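Worth saying up front: this structure is predicted, and the values here are computed from it rather than measured. Naming convention: chains lettered A, B, ... in sequence-line order (proteins, then strands); numbering from 1 in each chain. Worth knowing before you read on, the calculation uses all heavy atoms, side chains too, and leaves out hydrogens, waters and symmetry mates.
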Amino acid sequence: MASNEKQITGQYFARKATGLVRELSAWHGFAFNSSFINIGLVLIYSFLYIPSFHPGSSMILACILGMVAALPMALVNAILASTYARSGGEYVYNSRIISPALGFMSSWNMSIWILFYAGVSCVLFPKYGLSALFRYIGVNWNSLWFVNSAGWLSTPNGAFVVGSIVLLLIIISSILSTRVMARIQSWYFVVGLASVALAVLVLFFTPENEYVRNFNLYFDKISGKTNTLSLLLSEATEKGYVTASFSLAATLLIFYWPANFLFWGNTTTYFGGEIKNANRSQLVGLAGAVIVAGVFLVLITAAFSKAVGMEKIGAINYLSVLGGGLGFQPVYAELAAAGTSSKFVGIFIIIGLTYWAIAFAPLVLGAVTRNMLAWSLDRLAPEMLSRVSPRFHTPVPALIVCGIICEISVFLYAYVPAFGFIVGLVGAFITFLITSLSAAILPFRKKELFESSPFNWRWGGVPVISILGGLAFLGVLAVQVTALMDPSSGISILPSRDAGSGAGIPFTMFLVNLGVLFSGLIIFMIIKAIRKAQGINIDYAFKEIPPE
Amino acid sequence: MNEARAKGLTLRLLGGIAIALTCREVIARNAALDRDYNDIDLTGYSNQRQEIERFLISKGFQPAREFNFLFGGRRLMFFRNADRVKVDIFLDRFQMCHSIDLRFGLERNETIIGKGNLLLTKLQVVELAERDVQDLLALLISVNDSIIHHQEDNLETELRETISRACGNDWGLWKTSSLTVAKLSTSTLLTNLVKSDSDSAVHCLDLIKSFLDQATKSFLWKLRNVLGERIKWYELPEEPLHFNFPDQDRS
């Protein structure tokens, strides 16, 4: 018998008893992380602030710098998420590597901010996506109803009403089937990415005079004047818009705009337990998303520079912020679509924009419900949050909690000007700082785990993950410091600063960020005390990776 | 299983233990087919998920909470530390290298799933482990004996229909099953069996091969056949990491 066994062993694979087919592949990782980075929103906000208010800055260089700064963080996330292939992302590794309190605080902080941005996403969908789409249809097919609706969609009331409906639909769909939602999002992402690629091609192959002619044909109908582009440029100059030759210093000061988005491509870390072939998929999904998004940003900026010139884009956006010009902010997709003579190409580009506007929301719900599961497994959250509906097999209680928080953010973003887009940057990025620190100290705090991981590489005797952790830390710090230095960022450590919504508001927002961060620590201490009173020592759970 | 049935639950055995129970006599006379069993595999309906969970918890099992949260729509996992038993429950479908719908025939008042599906759950394995070969040969011999000795009415028809339905609509499953049949035909383990059983296994393999060849192929099957092996046609299941009993993780 023994010899028989020996004879047949070796011909076969030594597969263990339990096998599991995970559903999220490297492609899903790439799609989800790219959606979180969100090329569309980078362009909307970078166009709004970089060429318009920072003369001499180079958006192309800012995108390249942002990509270089964000790449170490993506690699850190990939390595940590592969080493701790569990639901919960930074919560799992920060709590195991640094301390349970910091782990929970960092995860709580991130969860609150990404839920805030999920709500923001629901507002952006009508405000930028549908509004541009309706206007484009209205202008090209001569429908006043569409043009008027576009105007209403970008008002606070329109954005709040439609944003709330969109949020409700996303929550209901997530309850009914997470799998179908993931499938829809993957395909919608393809449309979004293809639309940006199409915009690049259109702009590269449209001569400047033709672009200007098409632009005027489109926007003249909205402004009711002729030669709208020239009029906008004159108006901007009158109102103080200036341009300057290239300045590295100016570029370094605003690189945080594209960079802060590029750091966000970390969604798949929260889905760690569901990623197929985690070592490869996390690396491809996280690093690939940063590189591809960075390349697309450079290409589309170069295409706009070639077709119309960034100084004109700056002038149009300058007027948008001051409240003049067209009376609304024509976003990159509408500017690209207006430049083409094909209505159908134009409409495809704008449909792609609708994806980028809403892309955050469904992913955030998935990510935060995984965080809640991870907290619940460690008894830091009620067991109810890890409960799934027996009918739909989805975490209904956790989704409802997320929905309520998102709805608050829909209201805040629609009606409270102080809650500008960038407002959560400082707080959320503290979580990234903690995660970079986790990566840097992993080989020293968890020697055995590090040595047994497939990423136990060393450069000159120093663990690669420690080097990457250090670089990621510096990158995050650079983004935070430059954001705090920019007077127009909407957040400041100076109590006197006014970014357009009132003196002292940016400082208040800074305090809000700190409040959200430290509320996590207070909640942790309260839960720990409650569990202790129940006779449960929660520290015990953090000694190991959570059991599956 | 009886208690589950009394509670109205549809739970059926599959996997190694199901084969061991089905092929007791064959394994008894062929030591080379005897092996250890690590866990209990079951199948049931996804709409009975909550009842299944309650039932197993009442029997002293602990749910694998993260696993069940993430994959519970299609699969559940439970542990019982006292006797180191792990239970793996496939809901509606068996999803490994290929996906097999197990709902058909599940209502029959039996403890084990039908032999056709039992065979498919083993034929679909791309990277055959030693125990898969042992299980498959035991099952083939048992099936052949039952057909020859008319121990089960309509077994041959049931096998033909099950294999035809599953493999005629799924080119990947058909391809892997065909490859598995070919691998088994040349398995060295055949020489370690009682001669008559070895012959039975070979005879049954020929029968299965004919069922695979004669299965009515759907339009999608034919379309996929054009692409052939140029595109990967199977999944490779991964090992869930740190898949230990809860107390082992804390030791």
Side-chain angles (χ1 to χ4, degrees), chain A residues 1 3-5 7-25 82-88 92 177-179 271-278 369-370 372-374 376-377 383 385-395 398 540-541 543-548, chain B residues 15-16 31-32 34 37-39 41 46-51 53 64-75 77 79 86 88 91 95-97 99 125-134 183 187-189 191-192 235-251:
Chain A
M1 178 67 194
S3 65
N4 288 343
E5 276 180 6
Q7 213 179 344
I8 51 180
T9 306
Q11 293 177 35
Y12 307 116
F13 293 93
R15 184 171 48 78
K16 290 185 189 167
T18 307
L20 173 69
V21 179
R22 290 182 167 88
E23 285 180 347
L24 302 179
S25 62
S82 305
T83 308
Y84 291 87
R86 283 290 183 277
S87 302
V92 177
S177 176
T178 312
R179 200 185 288 188
F271 298 86
E274 294 149 271
I275 304 288
K276 198 186 285 187
N277 191 4
T369 52
R370 267 63 180 174
M372 288 176 171
L373 165 71
S376 174
L377 289 175
E383 191 261 334
L385 293 178
S386 62
R387 220 175 273 162
V388 291
S389 150
R391 184 166 174 200
F392 305 114
H393 310 290
T394 48
Y540 194 55
K543 289 194 167 65
E544 297 292 341
I545 298 169
E548 205 157 6
Chain B
D34 198 10
Y37 300 97
N38 301 315
D39 51 10
D41 295 323
S46 62
N47 60 13
Q48 290 190 336
R49 174 184 174 171
Q50 198 174 20
E51 291 81 1
E53 287 180 306
R65 283 178 61 198
E66 185 177 358
F67 185 95
N68 292 355
F69 178 97
L70 299 174
F71 308 108
R74 57 184 167 105
R75 197 162 154 191
M77 191 85 70
F79 303 91
K86 192 169 85 173
D88 207 345
L91 299 176
Q95 269 181 283
M96 287 284 184
C97 300
S99 180
V125 179
V126 173
E127 293 184 344
L128 284 172
E130 184 186 331
R131 63 171 184 279
D132 297 317
V133 178
Q134 290 171 305
K183 282 180 206 165
S187 169
T188 52
L189 191 57
T191 58
N192 298 318
E235 295 276 358
L236 280 182
E238 297 173 62
E239 199 61 27
L241 298 174
H242 304 280
F243 206 91
N244 296 331
F245 282 90
D247 63 340
Q248 285 177 327
D249 262 339
R250 294 175 179 180
S251 57

TODO: Let me see the working for B:R74 and A:H393 under side-chain contact (heavy atoms from CB on, under 4.5 Å), right down to the final yes or no.
DONE: CA-CA 9 Å; B:R74 57 184 167 105; A:H393 310 290; over 6 Å; no
Open item on the list: Please classify the contact between A:A374 and chain B as side chain, backbone, both or neither, with a heavy-atom cut-off of under 4.5 Å.
Closed with: neither
Task: A:V21, part contacting chain B, at a heavy-atom distance under 4.5 Å - done: both
Open item on the list: Side chains of B:F69 and A:L377, heavy atoms from C-beta outward: is any pair under 4.5 Å?
Closed with: no
Task: Side chain to side chain, B:R65 and A:S376, heavy atoms closer than 4.5 Å - done: yes
- [ ] Grab the two heavy atoms, one from B:E238 and one from A:A278, that are nearest each other, plus how far apart they are.
- [x] OE1-N, 4.2 Å
Task: Shortest non-hydrogen contact between A:V388 and B:R49, atoms and distance - done: CG2-NH2, 2.9 Å
Task: Partner residues of A:R179 under the salt bridge (charged side-chain N to carboxylate O under 4.0 Å, His left out) criterion, sequence neighbours left out - done: A:E23
Open item on the list: Given heavy-atom pairs under 4.5 angstrom as the criterion, report whether the side chain, backbone, both or neither of B:S99 touches chain A.
Closed with: neither
Open item on the list: As an exercise, state the distance from CZ of A:R387 to CG of B:N68, rounded to the nearest 0.5 Å.
Closed with: 14.0 Å
Open item on the list: List the residues meeting side-chain contact (heavy atoms from CB on, under 4.5 Å) with A:E274, not counting sequence neighbours, and say none if there are none.
Closed with: A:L24, A:S87, A:F271, A:R370, B:L70, B:F71
